[in-house]
*Asks:* 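Got a structure for you, questions after.
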Amino acid sequence: MLLSATPPAGPRPAQETRLYEEATRHRGLTPPRTHPLASITWLGPAASNPALAYRVGGDPAHLAESRRWIEAAVRLPHWGKAHMPDHDLDAGWLLHHLALTYKWIGDDLPDGVRALLRYKLLLQGRRMYEYAVASEGSWWSSSYWQNHNWICYAGLATAGYVLGKQEWTERAKDNLATVLDLMPEDGSHAEGVVYWRYGVPFLAIHLDLLKEAEGIDWWDRGGFMSRTFRYRLHQTAPGFAFNVDHGDCHDRRSGHSAGLYYRLGAQYGIPEAQWMGDLASGELLWKEAAESGVRPGILPEAYLEYLWYDPSVQAARPTETRAFFPDLGLLAARTGWDEDATLVSFKASPGGGHRAWETAAEHRAELGWETLNQGHHHPDSGSFVLVAQGEFLAVDEGYSNRKRAAHHNLLLVDGQGYADEDRYHVYRDIPFERQARQRDVLVSPDCGWAHATAEIAAMYAPALGVRRLDRTLVFTPSGRLVLLDLAEAEAAREWTFLLQTDRPTEPLPDGGRLIRAGEATARVRQFAPADGRTGCEVTEVVANPTSSTPELSLTRTLHTLRSTTTRSTGGLFLTAIDPATGQDASQVPCAQGQGVTFGTETVLLSPVARRIRTEGVSADAAAVLLTSDGAPHVVAATRLELDGTVLLDVPEPYTGRVG
């Protein structure tokens, strides 16, 4: 499709209109005569979109526009200035776009321009290839789980196929094979949504090139590509405009790639992907373009939307409301997809996810290579994001250079976050055993419960002697949250619970706190500890999100609710968050275990001892989840007796619906 500029058969009037609009968008700009300090990735699509528009419609004005930007790019002695000239993202983007431009309209360019473009592509491709060979085992050349690798090799492959440079395409192909074999089969991505939409399109581009140029179909290799739309879908906030901002996220808007949605929808027959493509390229397009902090952004993807849109794919609005991605330890649950619905996203995993963490350790031991470059993965295992009524209520920090657990909805031990944090690469050179994980996962689409327990004790400095720090999160069918944090240490410690919001929480007469965001509200009730100290403070997070634009700076202000225990070898926090459902939470008296009820929904927990005893309920289980009008659900249960009736008695722990 890409090399031949041939889309799937059928009409595409909306995509054609988009292409023509993008082809003319830069006509009022004067191309730079010298290299700006900022990134020049946008110069590539400034040339390729009018080139494709010329191929489609034949208007010579599009040819002239493409030539303007070709000449601007080829006269620059280097591609990239502030960071790794010729060897990183700027060069990767321009190699891809200008090689396609050469393929599409090269015969219609004046001889001198065509020859200069070919020479420049050969020069830049050779520079990129030689750097990839020389840096193998250190930087992006073998950083298989991140966007620099995918973009630079896709650019090299595009130029290689267009110019007939087999050594380039073979090296890029070998890398692609490794990437596809090593990416998580569940489709999740540790860099987060923003870098998913920035990097994964280039994996799709490379797969498209490989199939067209060599007849090799690797779309199903490894399983990542076939499942990754589902990961992206479940990191979409209700209403579809915004995204959950785990990982490095410049903002909550930079999440959509209509072109990639269309390609995944067409390749795998995913009607929800087709629907999301239509939404992103239509209703959401200009808001995304205006408010996204990632450049070049969504508008330059017009060429992909045109070439990858398949009108034969049926579109369908998403309906699935629960998902768990085991590699990243990511639980996502929502009450629905409308803007006023409630969503929680809760994660815990080793740096980069389980597969990357384990495989990178093998590379380190066997090859002496450092392949896990996870600068965009945060010390956020055990943290969560809560969205309700169209607003973000419990929030993440977004982008940061000095990453800290204290910027997330997490727990501190004697005021300290994760070991070896407060730096960009928080997972570099730390012990293999320092891993977080999720256990006891329940995802119940039939009636809406979701449950998981994050084990995060290993993430703290050994000197703190933390033997256990388990966070259990329960999402009820109506969208309430219950959190139970259980901590143990070898010596007495202060344990601090953190909740991040966009504006200060407000005290309530009953001792709770009110989260307010726009018109949305949520009530926070902390039933334990009874003698904790509570306060709210401002947390500033400052970051430069791209080394290619050194002067760019983002500042995010968080308002941090802190609840701290007295010094003790054990800590316990029992917290309920109710997004304005009108029903106050209350604690359930328990002889064993912990419980919270909202009237029609009751959560009983015992994630460690797995013994729950309260009026009417006797269970050997990690959790018993009850509604007034439905069957009970249990987690890791061997026995459940409800109001004197034994409903479950099994030798092996059972998780799911009872009855």
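What's counted below: heavy atoms across the whole structure, side chains too, no hydrogens, waters or symmetry copies.
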*Asks:* Check the orientation of Y195 and Y399. Use parallel for under 30°, tilted for 30 to 60°, and perpendicular for over 60°.
*Replies:* tilted
*Asks:* Of the options T453, L484, L481, which is the one that meets L473 in a side chain to side chain contact (heavy atoms under 4.5 Å, CB included)?
*Replies:*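 Looking at T453, L484, L481, the match for L473 under the side chain to side chain contact (heavy atoms under 4.5 Å, CB included) is L481.
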*Asks:* Mind telling me whether W150 and F224 have parallel, tilted or perpendicular rings, with 30° and 60° as the class edges?
*Replies:*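 Ring orientation of F224 relative to W150: tilted.
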*Asks:* So which of Y261, Y262, Y303 actually passes ring-ring contact (aromatic ring centres under 6.0 Å, His included) with Y309?
*Replies:*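 Going through Y261, Y262, Y303 one by one, the ring-ring contact (aromatic ring centres under 6.0 Å, His included) with Y309 is satisfied by Y262 alone.
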*Asks:* Should E320 and R334 count as an ion pair when the cut-off is N to O under 4.0 Å?
*Replies:*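 A salt bridge is absent here (no side-chain N lies under 4.0 Å from a carboxylate O).
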*Asks:* Is R523 paired with D584 through a side-chain N to carboxylate O contact shorter than 4.0 Å?
*Replies:* yes
*Asks:* For the residue pair F242 and F392, does the interplanar ring angle fall in the parallel (under 30°), tilted (30 to 60°) or perpendicular (over 60°) class?
*Replies:*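 Taking F392 first and then F242, their aromatic rings stand perpendicular (interplane angle over 60°).
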*Asks:* Output yes when D510 and R525 qualify as a salt bridge under the 4.0 Å nitrogen-oxygen rule, no when they do not.
*Replies:*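 The answer is yes: the pair qualifies as a salt bridge.
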*Asks:* Set out, in order, the CA-CA distance, both residues' side-chain angles and the distance that settles side chain to side chain contact (heavy atoms under 4.5 Å, CB included) for R322 and F475, then state yes or no.
*Replies:* CA-CA 10 Å; R322 303 288 187 276; F475 184 80; 3.8 Å; yes
*Asks:* Look up atom CG in L284 and atom CD1 in I298, then write down how far apart they are to the nearest 0.5 Å.
*Replies:*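 Answer for the CG-CD1 pair, L284 versus I298, is 8.0 Å.
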*Asks:* Below 4.0 angstrom, N of the basic side chain to O of the carboxylate: do E397 and R556 qualify?
*Replies:* no
*Asks:* Answer with yes or no after comparing the ring centroid distance for W93 and Y198 against a 6.0 Å cut-off, counting only values under it.
*Replies:* yes
*Asks:* Verify salt bridge (Lys or Arg N to Asp or Glu O under 4.0 Å) between E506 and R513, making sure each step is shown before the conclusion.
*Replies:* CA-CA 5 Å; E506 304 167 19; R513 308 285 295 197; over 6 Å; no
*Asks:* Evaluate whether atom CD of E21 has more than 12 neighbouring non-hydrogen atoms of other residues, nucleotides or ligands under 6.0 angstrom away.
*Replies:* yes
*Asks:* Give the intermediate values and the outcome of ring-ring contact (aromatic ring centres under 6.0 Å, His included) for residues F229 and W196.
*Replies:* CA-CA 10 Å; F229 171 76; W196 182 94; 7.7 Å; no
*Asks:* Crowded around E519 CD? As in, over 12 foreign heavy atoms under 6.0 Å?
*Replies:*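 No - once you tally the heavy atoms of other residues, nucleotides and ligands closer than 6.0 Å, there are 12 at most.
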*Asks:* In this structure, is the centre-to-centre distance between the rings of H378 and H408 below 6.0 Å?
*Replies:*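 Yes.
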*Asks:* Parallel, tilted or perpendicular: which describes the rings of Y424 and H376, with under 30° parallel and over 60° perpendicular?
*Replies:*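 Ring orientation of Y424 relative to H376: perpendicular.
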*Asks:* What do the steps show when you test Y231 against H189 for ring-ring contact (aromatic ring centres under 6.0 Å, His included), and what is the final call?
*Replies:* CA-CA 8 Å; Y231 156 77; H189 182 36; 7.1 Å; no
*Asks:* Whether R317 and E272 form a salt bridge (side-chain N of Lys/Arg under 4.0 Å from carboxylate O of Asp/Glu) is what I want to check.
*Replies:*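 A salt bridge is absent here (no side-chain N lies under 4.0 Å from a carboxylate O).
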